There are 2 protein chains.
Amino acid sequence: MSPTTTARPLTEASSDPAYLALADELEALVARLDPGDRLPSEHELTASHSVSRLTARASLQELEGRMLVRRVRGAGTFVARRIEYPVGPSMPPSASEMVRRAGGIPTSQIVSVQHRRPTAEVRDALGLGSDDRVVAITRTGQVDGLPASFGTSHLPADLASGITGYLDDGASIYRLLSDEFGLTPVRSWARAELVVVPRDVAPELGADGRPLVWRLESCNEDRSLGRPVELSQTWLRADVYRVRFELGEGE
Amino acid sequence: MSPTTTARPLTEASSDPAYLALADELEALVARLDPGDRLPSEHELTASHSVSRLTARASLQELEGRMLVRRVRGAGTFVARRIEYPVGPSMPPSASEMVRRAGGIPTSQIVSVQHRRPTAEVRDALGLGSDDRVVAITRTGQVDGLPASFGTSHLPADLASGITGYLDDGASIYRLLSDEFGLTPVRSWARAELVVVPRDVAPELGADGRPLVWRLESCNEDRSLGRPVELSQTWLRADVYRVRFELGEGE
DNA sequence: GAGTGGTCTAGACCACTAC
DNA sequence: TAGTGGTCTAGACCACTCC
């Protein structure tokens, strides 16, 4: 409205470029808001801070890079909900439990259930022979309705082919194995890594570009059977899950 | 030169925006080059692909986001050297060893060595009393001359205050403890997390903005002494180190 | 239909690196 | 000094979401 003349350093200190100063100002704002709250739009920031749209945009993208906000085309920029996800020697905490603990609402859907020949990688992990089959259960997960995870669990068909009858959206495979099949899976190994999301996985996670995501693989075995009963391979959005690794401490 | 009229999809397939198509084209180029090789400059891409500088720039920034290249103001855009850095229950591989294994040249300098009272966090980790002192050794590390790591090791002063005489740039604290002090440190616990680099650490890592970095903490103890002998807290550039977590497998 | 973020152009000035 | 990437402006059109 009023003729504010030139672009100056905003509130923040000294030599930062305008978009970083604005980003820091917005970061302080985010800290006062709740997950899901909307931030000012690019247009609003352009008007209120007398900067070009590109500068306003750069500041919001900076916050997206810091994983503090999530931007949705046509809708706006929203405070992100971050889920703590510890990975350690003890059994993995249920992902949906961690979401609820962070105040979020977890949902999930089954994408496909397939009876099929395993790949060599899956066959090795599950200790199967070349004629054995697996049940491959692929699911997507959301936090507060937004895509957050995507992955596949492989179960030896001879152990768990009857599982298809029990599956429904939101089912816990761990609980099915233990309640319906009398198995008590414990982790035999796990791996985790931060990678650029593959082209084909990106849309499953609602990702526009090629952001960084977590790749988690873990294998569970049943002690009494003495053999692996589940291999799970999962992608997690890094802006949703804060994966933290812990070794030792109280072993 | 000639009046190329409108912007069209470039070489790549279908519906990708121009900057992503160009990024994918450059990613293929990066795969054929060696670490340290220079990519075309923004200006060169502007001319060769008939796009605006902003579009050329966006494609190079996309590659930077994928951690495939490293951009240096005034110098150019270069293929990044990525260092595998496995973290698991076994003793940590020497960081400089992993750098050499990846074909890089590791260097390091001591920033400061301080005899001081530990913070509560350090005191707890090392199991010290309120009057005990520690030696805090802060170092920076480079890969091929570029900043890559920054961290501090805390040693109980009663065990290692004589270590100052042995320290020089490039020294391995593990080796000093074992060779000169008769200790055999083994990991008692470790933690790792991906975080936005704090303001004060960013310049130590040669970071312009506020990129994502690894935060590693680990505590080593001596079995025969039965007490902690080193707490190390380290920041690693995520575009240099590919941290990978491994639990179990061959325990 | 109004508002949002996603892409893109054609300029400009600057800080910095390398020579 | 020439070339690099870093920042910034003032426009424009588009795809998308929400009402």
Side-chain angles (χ1 to χ4, degrees), chain A residues 4-10 12 14-23 26 36-65 69-78 145-146 202-203 206-211, chain B residues 1 3-10 12 14-23 26 36-65 69-78 145-146 202-203 206-211:
Chain A
T4 41
T5 49
T6 59
R8 315 221 146 282
L10 305 172
E12 285 296 307
S14 49
S15 56
D16 273 358
Y19 84 96
L20 273 185
L22 181 48
L26 290 171
D37 286 355
R38 225 203 74 190
L39 271 70
S41 72
E42 297 177 358
H43 178 71
E44 288 166 345
L45 291 174
T46 296
S48 65
H49 288 74
S50 307
V51 294
S52 75
R53 190 186 153 205
L54 193 79
T55 301
R57 176 179 177 70
S59 67
L60 289 171
Q61 282 182 316
E62 172 71 18
L63 292 195
E64 189 177 32
V69 302
R70 184 142 171 189
R71 288 158 65 73
V72 182
R73 188 203 309 231
T77 301
F78 305 89
L146 295 171
D208 283 324
R210 305 282 302 282
Chain B
M1 284 303 162
T4 41
T5 49
T6 60
R8 316 222 147 280
L10 304 172
E12 285 294 306
S14 48
S15 56
D16 273 358
Y19 83 95
L20 273 184
L22 181 48
L26 290 171
D37 286 355
R38 226 203 73 187
L39 271 71
S41 71
E42 296 178 0
H43 178 72
E44 288 166 344
L45 291 175
T46 295
S48 65
H49 287 73
S50 307
V51 294
S52 74
R53 189 186 152 203
L54 192 78
T55 300
R57 176 179 178 71
S59 68
L60 289 171
Q61 282 182 317
E62 171 72 17
L63 293 194
E64 188 177 32
V69 303
R70 185 144 172 185
R71 288 159 64 72
V72 182
R73 187 203 308 231
T77 301
F78 305 89
L146 295 171
D208 282 325
R210 305 281 302 280

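For the numbers below, each heavy atom of this structure counts, side chains included, while hydrogens, waters and symmetry mates do not. Just so it is clear, the model here is predicted, and its values are computed rather than measured.
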Under the salt bridge (Lys or Arg N to Asp or Glu O under 4.0 Å) test, which residues partner B:Arg70, sequence neighbours left out?
none

For DNA chain D, the residues among residues 54-62 of chain B that have a non-hydrogen atom under 4.0 Å from it:
B:Arg57

Would you mind reading off the distance between B:Tyr19 atom OH and C:dT9 atom P, rounded to a whole angstrom?
13 Å

Determine the contact category for A:Arg70: base if any of its heavy atoms lies under 4.0 Å from a base atom, sugar-phosphate if only primed atoms, P, OP1 or OP2 are that close, otherwise nothing.
nothing

Side chain of A:Ala18 - closest among D:dC8, C:dG6, D:dT4:
D:dC8

Under 4.0 angstrom between B:Arg71 side-chain N/O and D:dG6 OP1 or OP2:
yes

A:Arg73 atom CZ is separated from D:dA15 atom C1', nearest whole Å, by 5 Å

Nearest whole angstrom, please: distance from the C1' of D:dG6 to the CZ of B:Arg210.
18 Å

Roughly how many Å is it from CZ in B:Phe78 to P in D:dT4, rounded to a whole number?
10 Å

Given the rule in the side-chain contact (heavy atoms from CB on, under 4.5 Å) test, do A:Val69 and A:Leu26 qualify, once you have shown the distances and angles that lead to the verdict?
CA-CA 10 Å; A:Val69 302; A:Leu26 290 171; over 6 Å; no

In terms of heavy-atom contacts, A:Leu20 and A:Glu62 come closest through CD2-CD, 3.7 Å

Take the protein atom CD of B:Glu42 and the nucleotide atom P of D:dT4, then report the distance between them rounded to whole Å.
9 Å

So OG1 of B:Thr77 and CD of B:Glu64: to nearest 0.5 Å the spacing works out to 7.5 Å

Check this one for me: any side-chain N or O of A:Arg53 less than 4.0 Å away from OP1 or OP2 of D:dA10?
no

What distance do A:Asp16 atom CG and A:Leu22 atom CG have between them, rounded to the nearest 0.5 Å?
11.5 Å

Between C1' of C:dC8 and NE2 of B:His49, the distance in whole Å:
16 Å

Is the phosphate of C:dG11 approached by B:Ser52 (side-chain N or O, under 4.0 Å from OP1 or OP2)?
no

Taken to the nearest whole Å, NE2/B:His43 to C1'/D:dG5 is 13 Å

How far apart are the closest heavy atoms of B:Gly209 and B:Ala202, and which atoms are they?
O-CB, 4.0 Å

Separation of D:dT7 P from B:Asp208 CG (nearest whole Å)
7 Å

Which nucleotide sits closest to the side chain of A:Ala75: D:dC8, D:dT17, C:dC8?
D:dT17

Between A:Leu60 and A:Leu45, is there a side-chain heavy-atom distance shorter than 4.5 Å?
yes

Nearest-nucleotide pick for A:Val51, side chain only, options being C:dT4, D:dT9, C:dA15
D:dT9

